[in-house]
Amino acid sequence: MARTLDTVEVMDDQKANGLQDTAAARFIREAAAVAPPGHLGRNRDPGDAWVEGEAGKFWGRFGSAGLLVFDAGRGVLLQHRALWSHHGGTWGLPGGALHQGEAAVDGALREAWEEAGVPSSKVELIFTSVYDVGYWSYTTVAVNAVEPFEAVISDPESLALEWVPLHEVAARQLHPGFGAAWPALRRRLEN
């Protein structure tokens with residue numbers, strides 16, 4: 001979902017007025033968690049499609065990317081995925097399908113802004129890690145939060161967003177792909 005200035009202003013107003021934790025806000029998040037994809041009228045990008053092959057079925061016609069945001073004082077930013085999503089109810093990274101011709105770093109930053117309000121001006125690239133099956137790839141884009149910010153649920157793909165200390169990440173019910181990648185990603189963050 002492309003966020004317009006009006007959307008940002010509404011979210012900023014809600015945050016300033018403490019409305020994110022109201023009963024109405026919780027109701028909207030819970031309703032969005034069970035809404036099927038596309039139900040809210042989102043215009044789909046051509047990259048928003050499944051691809052299938054010998055290694056399985058994956059989301060993102062042009063690949064996918066996620067943003068692993070690291071803050072030395074708070075840990076990593078995790079997204080509790082909406083129940084209707086693939087592997088819904090698990091914890092993973094804000095991210096999603098790349099647009100045609102979009103670089104993985106740009107796509108991860110775009111998706112993290114759309115889903116969690118991660119401002120690209122407050123993070124710096126640390127490394128990328130690519131999982132590639134030949135006909136599809138997923139790029140984890142690891143960034144360091146160089147200035148503190150508060151993540152904001154800004155679309156229906158998240159049940160929650162939390163900063164989780166590195167040593168506590170593996171205790172969560174992780175998205176299977178992220179869970180498999182986490183030990184190596186953690187080692188790289190710690191070095």
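Index from 1, following the sequence. These numbers come from the heavy atoms of this one structure, side chains and all, not from hydrogens, waters or symmetry mates.
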For the backbone of [Y] and the side chain of [X], can you confirm whether one donor and one acceptor N or O come within less than 3.5 Å of each other?
X      : Y      : result
Tyr138 : Gly66  : yes
Trp182 : Val169 : no
Glu114 : Glu111 : no
Asn191 : Arg187 : yes
Asp71  : Gly73  : yes
Ser64  : Trp59  : yes

Distance-minimising heavy-atom pair for [X] and [Y]:
X      : Y      : answer
Ala104 : Ala65  : O-CB, 3.6 Å
Ala116 : Pro94  : CB-CG, 4.2 Å
Leu125 : Ala142 : CD1-O, 3.5 Å
Ser85  : Ala82  : OG-O, 2.7 Å

Is the shortest heavy-atom distance from the side chain of [X] to the side chain of [Y] under 4.5 Å?
X      : Y      : value
Leu161 : Leu78  : no
His86  : Trp50  : yes
Ser158 : Arg81  : no
Trp84  : Glu157 : yes

Quiz: residues 170-180 side-chain donor-acceptor pairs under 3.5 angstrom, not counting sequence neighbours:
{"unit_1": "Arg172", "atom_1": "NH1", "unit_2": "Glu162", "atom_2": "OE1", "d": "3.2"}
{"unit_1": "Arg172", "atom_1": "NH2", "unit_2": "Glu162", "atom_2": "OE1", "d": "2.9"}
{"unit_1": "His175", "atom_1": "ND1", "unit_2": "Gly177", "atom_2": "N", "d": "3.0"}

Checklist line | Candidate pair Phe70 and Leu77, rule side-chain contact (heavy atoms from CB on, under 4.5 Å), full reasoning | finding: CA-CA 7 Å; Phe70 175 67; Leu77 179 62; over 6 Å; no
Check: Would you say Gln100 has more than 12 foreign heavy atoms packed within less than 6.0 Å of its CD?
Finding: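 Open: at most 12 neighbouring heavy atoms sit under 6.0 Å from CD of Gln100.
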Next item on the list: Run the ring-centre check on Phe149 versus Trp163 and record whether the distance is less than 6.0 Å.
Entry: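 Centroid separation for Phe149 and Trp163: below 6.0 Å.
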Item checked: Working for side-chain contact (heavy atoms from CB on, under 4.5 Å), residues Asn144 and Val123 -> CA-CA 5 Å; Asn144 188 40; Val123 298; over 6 Å; no
Note to self: Tell me every residue that passes side-chain contact (heavy atoms from CB on, under 4.5 Å) with Ser137, counting only those two or more places apart in sequence or in another chain.
What the structure shows: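 Listed in chain order: Val130, Asp132.
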Note to self: Quick check for you: to the nearest 0.5 Å, what is the distance between Thr90 atom OG1 and Leu159 atom CG?
What the structure shows: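 Result: 9.5 Å between the selected atoms.
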Notebook entry, point to check: How many angstroms lie between CG in Leu98 and CZ in Arg61, if you round to the nearest 0.5 Å?
Noted result: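 Result: 13.0 Å between the selected atoms.
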Next item on the list: Could you state whether Leu67 and Val164 fall into the same hydrophobic cluster, counting links through intermediate Ile, Leu, Val, Met, Phe, Trp or Tyr residues with side-chain heavy atoms under 4.5 angstrom apart?
Entry: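 Per the 4.5 Å side-chain linkage, Leu67 and Val164 are not co-clustered.
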Check: Are Val141 and Tyr131 joined in one hydrophobic group, where the rule is that I, L, V, M, F, W and Y side chains link up if heavy atoms are under 4.5 Å apart?
Finding: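 Each belongs to a different hydrophobic cluster.
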Checklist line | Phe58 and Trp136 aromatic ring geometry - parallel, tilted or perpendicular at 30°/60° bounds | finding: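 Ring orientation of Trp136 relative to Phe58: parallel.
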Check: Between Glu150 and Arg74, is there a side-chain N and carboxylate O pair less than 4.0 Å apart?
Finding: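 Result for this pair is yes, salt bridge flagged.
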Notebook entry, point to check: Hey, which of Leu189, Val69, Leu68 is the one that makes side chain to side chain contact (heavy atoms under 4.5 Å, CB included) with Ile126?
Noted result: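 It is Leu189; the other options fail the test.
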Note to self: Would Leu185 and Phe127 count as a side-chain contact (heavy atoms from CB on, under 4.5 Å) here? Give the steps.
What the structure shows: CA-CA 10 Å; Leu185 294 170; Phe127 64 83; 3.8 Å; yes
